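Below is one structure, written out as structure tokens; the observations come after it.
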Amino acid sequence: GGTTTTTTTVGGPALNDVFVGQGDSRQMSKHQIVYRGEKEYHQGSGLLVSTGTGSTGWFASAGLYLKNNETKDKDASSTSFSKSAPFLKFVVREPLWCSPPQQNNFPKWTSGTIHSQETVRIVSLNDEDGIISCDSIDRIPFPRGSIADISIHPSPLSVVLPIV
């Protein structure tokens, strides 16, 4: 038989962040990142993609290790950024550095910036308990072999302010 591919849009636009990882935080998350034409295998505590609105909380603390490490994407950092920024940022939470340490086996993409028209693809290598969570609200199953393409939504969210 042939291979069947099912595409499902889940969660809708995220206001703050999207988490991809294991549902049980005691378990190591395993995934492949496809970013700017490069594929890379990662193990860690999951991957967090943030909007500017979400960048002052979980995202900022999740990537504290980046302050002392080189990153291939010079725009990427774990610091907060403008709520109206026209880009997203991602960080691999607590990446497992390969052992024994060798220069050629350290992940290049522990963080990155996703601009308009760009996508980061995450392929789940987790067991059955892999999940995706938008704004820490949903808990969507993301088992081994599942693919998530994360990009900027074409319509920005609007802020509604009360009339005083």
Side-chain angles (χ1 to χ4, degrees), residues 1-51 53-73 76-78 87-115 118-153:
T3 302
T4 302
T5 303
T6 303
T7 302
T8 306
T9 301
V10 293
L15 175 63
N16 297 306
D17 48 51
V18 175
F19 169 73
V20 181
Q22 283 288 110
D24 180 350
S25 62
R26 298 170 297 169
Q27 300 294 317
M28 182 72 63
S29 178
K30 298 177 225 74
H31 50 267
Q32 179 187 66
I33 295 175
V34 182
Y35 178 62
R36 296 185 177 166
E38 294 183 41
K39 293 180 186 179
E40 189 168 80
Y41 173 77
H42 281 266
Q43 290 187 77
S45 296
L47 181 120
L48 192 61
V49 181
S50 182
T51 65
T53 304
S55 70
T56 59
W58 190 10
F59 177 79
S61 66
L64 286 175
Y65 71 91
L66 291 172
K67 293 184 185 337
N68 297 320
N69 291 290
E70 272 299 304
T71 178
K72 192 170 180 181
D73 184 347
S77 73
S78 64
F87 54 83
L88 306 171
K89 289 188 178 187
F90 72 87
V91 63
V92 176
R93 297 178 55 232
E94 302 170 323
L96 174 68
W97 305 116
C98 299
S99 182
Q102 298 172 3
Q103 236 178 1
N104 63 354
N105 67 1
F106 288 106
K108 294 176 188 170
W109 297 117
T110 53
S111 65
T113 304
I114 306 166
H115 294 281
E118 285 187 316
T119 298
V120 63
R121 172 168 280 190
I122 302 147
V123 180
S124 175
L125 302 174
N126 291 317
D127 295 324
E128 297 78 35
D129 196 30
I131 64 162
I132 293 179
S133 179
C134 296
D135 292 332
S136 297
I137 298 169
D138 301 328
R139 185 182 169 105
I140 302 154
F142 192 61
R144 179 180 293 275
S146 297
I147 297 171
D149 290 327
I150 300 175
S151 59
I152 298 171
H153 195 276

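Any value given below was found using the heavy atoms of this structure, including those in side chains, with hydrogens, waters and symmetry copies removed. The structure displayed is predicted, hence computed values, not measured ones.
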Distance in Å, [X] [atom1] paired with [Y] [atom2], rounded so as to fall on 0.5 Å steps:
X      : Y      : atom1 : atom2 : answer
Ile140 : Ser146 : CD1   : OG    : 11.0 Å
Gln22  : Lys30  : CD    : NZ    : 6.0 Å
Met28  : His42  : CE    : NE2   : 13.0 Å
Ser111 : Leu48  : OG    : CG    : 12.0 Å

Counting only N and O atoms by type, is there a donor-acceptor contact under 3.5 Å from the side chain of [X] to the main-chain atoms of [Y]?
X      : Y      : result
Ser124 : Pro143 : yes
Asp149 : Arg121 : no
Asn126 : Arg144 : no
Ser133 : Asp138 : yes

Trp58/Ser136 under side-chain contact (heavy atoms from CB on, under 4.5 Å): CA gap, chis, key distance, verdict: CA-CA 10 Å; Trp58 190 10; Ser136 297; 3.9 Å; yes
Could you pull out the closest heavy-atom pair between [X] and [Y], with the gap in Å?
X      : Y      : answer
His115 : Ile152 : C-CD1, 3.5 Å
Asp135 : Leu15  : OD2-N, 2.8 Å
Ser29  : Gly46  : CB-N, 3.7 Å
Ser151 : Ile114 : CA-CG2, 4.4 Å
Thr56  : Thr53  : OG1-O, 4.2 Å
Asp129 : Asp24  : OD2-N, 2.8 Å

Working for side-chain contact (heavy atoms from CB on, under 4.5 Å), residues Val49 and Phe59: CA-CA 8 Å; Val49 181; Phe59 177 79; over 6 Å; no
Measure the shortest side-chain to side-chain distance between [X] and [Y] over non-hydrogen atoms and say whether it is less than 4.5 angstrom.
X      : Y      : answer
Arg93  : Leu47  : no
Tyr41  : Leu125 : yes
Glu118 : Val120 : no
Val92  : Ile33  : yes

Which residues share a side chain to side chain donor-acceptor pair (under 3.5 Å) with Ser45, sequence neighbours left out: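 Scan of Ser45 (side chain to side chain donor-acceptor pair (under 3.5 Å), adjacent residues dropped) gives Glu94.
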Residues that Gln27 engages under side chain to side chain donor-acceptor pair (under 3.5 Å), provided they are two or more places apart: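 Expected list: none.
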Residues Lys89, Asp17: salt bridge by 4.0 Å N-O rule: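 Here Lys89 does not pair with Asp17 in a salt bridge, since their nearest N and O are not under 4.0 Å apart.
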Mutual orientation of the aromatic rings belonging to Tyr35 and Phe90 [parallel < 30°, tilted 30-60°, perpendicular > 60°]: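 Rings of Tyr35 and Phe90: perpendicular, as their planes differ by over 60°.
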Evaluation steps, side-chain contact (heavy atoms from CB on, under 4.5 Å), between Ile150 and Ile122: CA-CA 8 Å; Ile150 300 175; Ile122 302 147; 3.7 Å; yes
Step-by-step side-chain contact (heavy atoms from CB on, under 4.5 Å) determination, Ile132 to Phe19: CA-CA 6 Å; Ile132 293 179; Phe19 169 73; over 6 Å; no
